[in-house]
**Student:** 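Got a structure here, written out as structure tokens. Questions coming.
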Amino acid sequence: MLSKPEKMILTAGPSISEKEISYVMDAVKNGWNEHFNDYVEKFEHEFAKYTGAKYAVTTSGGTWAFLLACAACGIGKGDEVIFPDLAYFSVTDVVVQLGAKPVFVDVEKESWCIDPQKIKKAITKKTKAIAPVNMYGNMPLMYEILDIAQKHNLYIIEDSCPALGSTYLGKHAGTFGDFGCFSFQGAKIATAGGLGGMLITDNEKLFETAKYFNRQGESYSRKFFQTQHGYCFDMTNMQAAMGLAQLERIEEFVEKKRQINVWYKEYLGNIEGITLNSEKEGERSNKWMSSIVLNGEFPINRDELRIKLKEEKIDTRPFFYPVCVFPMYKAVNNPISQMLSKNGMNLPSGVHRTKEEIEYICYQIRKLLHD
Ligand SMILES: *Cc1c(COP(=O)(O)O)cnc(C)c1O
């Protein structure tokens, strides 16, 4: 088995091949004047094709894709948007910035994603949208959520930021609701030069509205005539060049991430009190982050385990906090989100990880938990 490595085994990190380098070099050399947007257009086209969405537009981040989606749905003052409590705070911030209120409900214990039963109880006259999150690449019960949205005439904006390549019954994350949002930040399964995002939809009208907001609200027909306050969250052609190269390799990345998860299951799956990522029937998670939740009796807790693992050159990340515990909100009692947040952690899951490294990591985890 591997002995203690000199360099930290990180939780994430991209794979950059000759393809990425050649596309980016091409964009640097030739992506100007009449070619200034070639890679952007190609990236959007190929992304829509891969996910099966009708329309796709690049953005400077997943968060900003989410903002454009909210703006296009007309979310604003007096509206409520239902989120899982276990979410990433950048997207809930967006809703607040637009003058609306995020409402936090609990998640499913197995998928770590929003619980449809809890959504039903949180709907009020003010509810305008549901925002399911593909936590660490996992799929929520999207068909039940669609039913609820239809019944109550609500938008669905999927925070699929970490879930490129995840599918449920063959359908891609981000294609169930009105909008899907993706991130190409450097730690994600595919990156566009460290930052970037994509917004997808099947709805032409919503798509045009989102793009209009992203054009700073400039009139369709009169150049430089602004008809609405807006935004500009564009991606550069050079970023798109890298994004396109990564997209062309996405199945390779998903396969590797899933393999890493199988290795973790092999070494940790039989320990009482440790839960690993689970998959619903019909789900293919991209396993962006292989993760564990400690819900048994162990001599040390999650935070102590993370410190000890760091000493052994193993980097980890704690699960997100339930968003409602932050001082800007009124805390609500979502016991599953709280339990997961306290006991969950992401393990090294980058596409470069080897079986020997995973074996070493699991050996250390077992040793520290006295298994
Ligand atoms: C990464 C991530 C985001 C943020 O994406 P950015 O591109 O950094 O804006 C939002 N939500 C979830 C669930 C994420 O994993």
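Counting convention: from 1, in listed order, for ligands and their atoms alike. The first residue of the sequence shown is numbered 1, and numbering continues consecutively from there.
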**Student:** Decide if atom NZ of K29 counts as having more than 12 heavy atoms of other residues, nucleotides or ligands within a radius under 6.0 Å.
**Tutor:** no

**Student:** For the residue pair K171 and F176, would you count it as a cation-pi contact if the rule is NZ or CZ under 6.0 angstrom from the ring centre and within 45 degrees of the ring axis?
**Tutor:**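 Yes.
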
**Student:** So which of R353, E356, K355 actually passes side-chain contact (heavy atoms from CB on, under 4.5 Å) with W263?
**Tutor:** K355

**Student:** More than 12 non-hydrogen atoms from neighbouring residues, nucleotides or ligands closer than 6.0 Å to CD on E281, yes or no?
**Tutor:** no

**Student:** Quick one: does ligand 1 sit under 4.0 Å from the side chain of D159, the backbone, both or neither, non-hydrogen atoms only?
**Tutor:** side chain

**Student:** Against ligand 1, does A87 come closer than 4.0 Å with any heavy atom?
**Tutor:**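 Checking ligand 1 against A87, which is what was asked, there is no heavy-atom contact under 4.0 Å.
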
**Student:** Consider every N or O of V91 and every N or O of ligand 1, then say whether any pair is closer than 3.5 Å.
**Tutor:** no

**Student:** Given G186, C161, A65, G197, identify the one with the heavy atom nearest to atom 3 (C) of ligand 1.
**Tutor:**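 Checking each option, the heavy atom nearest atom 3 (C) of ligand 1 is found in C161.
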
**Student:** Any side-chain to backbone donor/acceptor pair from N286 onto L164? Under 3.5 Å, distance only.
**Tutor:**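 Here the side-chain-to-backbone pair exists.
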
**Student:** May I ask whether M135 places a heavy atom under 4.0 Å from ligand 1?
**Tutor:** no

**Student:** Any atoms of ligand 1 less than 4.0 Å from a non-hydrogen atom of P162? List them with their elements.
**Tutor:**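 Answer for ligand 1: 13 (C), 15 (O).
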
**Student:** Considering only heavy atoms of G196, which atoms of ligand 1 have at least one such atom less than 4.0 Å away?
**Tutor:**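 Ligand 1 atoms under the 4.0 Å threshold to G196: 7 (O).
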
**Student:** Identify the protein heavy atom lying closest to atom 1 (C) of ligand 1, giving its residue, its atom name and the separation to 0.1 Å.
**Tutor:**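 Among all protein heavy atoms, the one nearest atom 1 (C) of ligand 1 is K188 NZ, 1.6 Å.
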
